Amino acid sequence: MTKKRSILVTGGTGYIGSHTAVELIEKGYDVVILDNLSNSHAEVIDSIEKITGVRPGFANIDLNNKSAVQEFLRIHPVEAIIHFAAFKAVGESVEKPLEYYRNNLVALINLVELCRDQGIRNFVFSSSCSVYGEPDYLPIDEAAPVKPAQSPYANTKKIGEDILRDASAVLNMNIVSLRYFNPVGAHASHQIGEYPLGTPLNLFPIVMQTAIGKRPGMKVFGQDYNTPDGSCIRDYIHVVDVARAHVVAIRRMLEGKCKNKYELFNLGTGTGLSVLEVIHAFEKSTGIKINYSCVDRRAGDVEKVYADTSYANSELGWKAEHSLEDMIRSAWAWEQELQKKTMVGSK
Ligand code: WQD
């Protein structure tokens, strides 16, 4: 029996982290999760075990506590780290910039220094298409210029990439940054999904909460953009496709197939959808009418962004496989699951 290769997933009880932990376990990796539960629930560990039959290792450690992380890694040596743990609310980052810079950047620097000191040679970074700002051309590829960030959150992703690029030049490490477009949907088991502690701000969960009656209605931010129906366009990608890209990146690193010490890839579908198209697709798929009103634009929104996926497709041999229908149906099933949870919780 060959020993399983151990991967640390920081932020592994979060949305993309938990889906990635499931995919890693199902591909035969040993997974340990560090999470301070600042925006997630410990019960996600039980859900990961329920889906896979394997319970990942877990410790409630804040990555800003470097000595605690160091001790954890001494006891649980790993061959690679996938780093999801970060604050990610765009609006909140504008109100609390120092907390965002400290939390997102100090944690990253701590982890890379520990990789250097403990001989961990593989690091995957959770980055974002928000580094492109308002793109100069579409679809947007990895060669596109990174733009001035529209928020402190986006800036922490931009600076994070710079830190990793410069660190990879002097450290004996392979580093891959994955620029997510808009991850949505949930695992087919309905056991895990987007489950933040606070009120979600993203489009998909808001559509679902409106449909289930948690919200009396929702707002469409802007109908005067230069798009076919006037609402913003994004590249929505199923969270399981995003998770699977992380497993591909880990395998690439462990098999020594990286072509550069620092690599970055777009994780999108290549298809842009407007806000109104998403709402109408949901209504068509479920037969449920969404009560929405069109209001002013939301500060910080880019008009349209969607990925050129050819580099990730060819270089990683990875392609998004889930349809919009899969995204909508899985997100809706998860919202109904969440309602059951809260009803059980309230009894
Ligand atoms: C999408 C569209 C809104 C809510 C997200 C993450 C960010 C990054 C990129 C990972 C916009 C509109 C939304 C609502 C609306 N991901 N909208 N009514 O802003 O693209 O950013 O993906 O790093 O962290 O936040 O996603 O879902 O907030 O908005 O009209 O109630 O939906 O204006 O056009 P966004 P979003």
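Just so it is clear, the model here is predicted, and its values are computed rather than measured. Numbering of ligands and ligand atoms starts at 1, following listing order. Keep in mind that the numbers below use all heavy atoms, side chains included, and drop hydrogens, waters and symmetry copies.
- The closest protein non-hydrogen atom to atom 34 (O) of ligand 1 is Cys232 CB, 3.0 Å.
- Side-chain N/O atoms of His238 and Ser330 include a donor and acceptor closer than 3.5 Å.
- A heavy-atom separation below 4.0 Å is not found between Tyr225 and ligand 1.
- Here the shortest heavy-atom distance to atom 29 (O) of ligand 1, taken over Arg298, Arg179, Lys219, belongs to Arg298.
- For atom 6 (C) of ligand 1, the closest non-hydrogen atom of the protein is Asn202 ND2, 3.7 Å.
- Between the side chains of Arg102 and Asn64, no donor N or O sits under 3.5 Å from an acceptor N or O.
- In this structure Ser293 satisfies the side chain to side chain contact (heavy atoms under 4.5 Å, CB included) test together with Lys219, Val295, sequence neighbours excluded.
- Between His187 and Tyr15, the distance from one ring center to the other does not fall under 6.0 angstrom.
- Taking the six-membered ring for Trp and the full ring otherwise, the centers of Phe204 and Tyr236 sit less than 6.0 Å from each other.
- Counting protein heavy atoms only, atom 22 (O) of ligand 1 is closest to Asn182 ND2, 3.3 Å.
- Residues passing the side-chain hydrogen bond (donor to acceptor under 3.5 Å, both in side chains) test with Glu337 are Lys340, sequence neighbours excluded.
- In this structure, Tyr153 counts as a contact residue of ligand 1, since one of its heavy atoms falls inside 4.0 Å of the ligand.
- What sits closest to atom 17 (N) of ligand 1 on the protein, heavy atoms only, is Phe221 CD1, 3.7 Å.
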